[in-house]
Amino acid sequence: MATTKIHARALLRASGGPRYAIALAVDALGTGLLRPFLLLYGVMVLRLSASATGIAMTTGVVMGLVCMPAVGRWLDRGARSTVVAASMLVRVLGVALLLAAPAGHVWLFATAALFLGIGNQAWPAAHAALVATVAHGRERDAALAGGRALRNAGLGAGALLATACLTGGTTALQALAAATGLAYLAAATLAWSVRLRARPAAVPPNGGAAGPHLGCVRCWPPTWSTSSVSTSPKSRCLWSW
């Protein structure tokens with residue numbers, strides 16, 4: 001049985017390019033810093049009860065799932081890197097609210113958990129759509145697997161770093177939250193700079209369901225094509241300024 005080797009450079013291109021790979025790593029590191037310790041932040045820093053903190057976090061996750069149809073419609077219109085960047089910026093807002101919340105204020109914590117939940121739920125779908133736009137077949141599968149491995153490594157590194165800092169008490173948790181917000185902001189800037197879009201699916205005149213139509217309107221690198229006409233890496237993308 002013949003096997004196809006995927007070189008590191010091709011895998012990097014299939015994953016969205018170098019800047020996008022860095023954005024994934026920074027985002028994962030920031031998520032690992034705070035996400036496992038959000039419950040502790042609510043209890044130790046904001047002096048909330050464990051039950052109120054857990055309910056707020058659960059509500060954030062559920063509301064994130066409720067927002068997924070809207071994210072899907074945005075992706076259907078062709079947005080790719082913008083959706084990824086937006087999922088990160090929403091979490092920046094959540095961290096900002098977390099830092100601004102005074103002790104005992106459960107509603108600000110709940111709002112922060114809501115934005116963090118929306119961003120955490122929207123990111124996987126946005127990332128998968130972006131990779132599927134720039135890669136196909138085995139390269140797409142390898143890119144998704146590589147992105148997952150990179151994210152798991154970043155989450156682990158962030159969690160280990162955060163665990164080492166927990167001895168600093170509430171001040172350390174606030175510093176971790178601030179570092180998380182800065183990491184999300186840097187990752188969003190890098191993801192947005194890729195500026196990748198896909199051609200939206202055309203709606204048939206009879207009002208039937210639209211067929212899939214992936215086409216790179218603007219991508220990184222500029223010589224990597226995902227046109228529906230040709231999927232050869234030698235083809236050129238269409239650029240829109």
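All heavy atoms count here, side chains included; hydrogens, waters and symmetry mates do not. These figures come from a predicted structure and were not determined experimentally.
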Report task. Among residues two or more places apart or on two chains, list those pairs meeting side chain to side chain donor-acceptor pair (under 3.5 Å) that have a residue in residues 61-71. Result -> none
Query raised in the report: Among pairs that include at least one residue of residues 50-65, which meet side chain to side chain donor-acceptor pair (under 3.5 Å), considering only residues two or more places apart or in two chains?
Result: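 Non-adjacent pairs meeting side chain to side chain donor-acceptor pair (under 3.5 Å): S49-S51.
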Query raised in the report: Checking side chain to side chain contact (heavy atoms under 4.5 Å, CB included) for the pair V43/L48: CA distance, chi angles, key distance, verdict?
Result: CA-CA 5 Å; V43 174; L48 302 174; 5.8 Å; no
Which heavy atom of [X] sits nearest to which heavy atom of [Y], and what is that distance?
X: Y184; Y: L116; value: CE1-CD2, 4.4 Å
X: V83; Y: A126; value: CG1-CB, 3.6 Å
X: R77; Y: R197; value: O-NH2, 3.1 Å
X: L190; Y: A23; value: CB-CB, 3.7 Å
X: A122; Y: V71; value: CB-CG2, 3.9 Å
X: A56; Y: A113; value: O-CB, 3.6 Å

**Report entry** Derivation of the side chain to side chain contact (heavy atoms under 4.5 Å, CB included) call for W123 and T31
**Finding:** CA-CA 12 Å; W123 181 86; T31 302; over 6 Å; no
Requested in this report: Apply the test side chain to side chain contact (heavy atoms under 4.5 Å, CB included) to residues H127 and Y20: give CA-CA distance (whole Å), side-chain angles for both, the deciding distance (0.1 Å), then the verdict.
Outcome: CA-CA 10 Å; H127 169 67; Y20 187 70; 2.9 Å; yes
Query - Derivation of the side chain to side chain contact (heavy atoms under 4.5 Å, CB included) call for V61 and M57 - result: CA-CA 6 Å; V61 173; M57 293 174 60; 5.8 Å; no
Requested in this report: May I ask you to decide if V194's main-chain N or O and S81's side chain share a donor-acceptor pair within less than 3.5 Å?
Outcome: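 Not at all, since once roles are kept as given, no pair shorter than 3.5 Å links the two residues.
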**Report entry** Side-chain heavy-atom pair V45, Q174 within 4.5 angstrom cut-off
**Finding:**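 When only atoms from C-beta onward are counted, Q174 and V45 do touch, with a gap below 4.5 Å.
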Requested in this report: Answer yes or no: are there more than 12 heavy-atom neighbours, outside W74 itself, under 6.0 Å from its atom CH2?
Outcome: yes
Show every donor-acceptor pair shorter than 3.5 Å between a side-chain atom in residues 87-108 and any protein atom, with sequence neighbours excluded, or say none if there are none.
| from | atom 1 | to | atom 2 | distance (Å) |
| --- | --- | --- | --- | --- |
| S87 | OG | V84 | O | 2.6 |
| R91 | NE | S87 | O | 3.1 |
| R91 | NH1 | N120 | OD1 | 3.2 |
| R91 | NH2 | D27 | OD1 | 3.0 |
| H105 | ND1 | L108 | N | 3.2 |

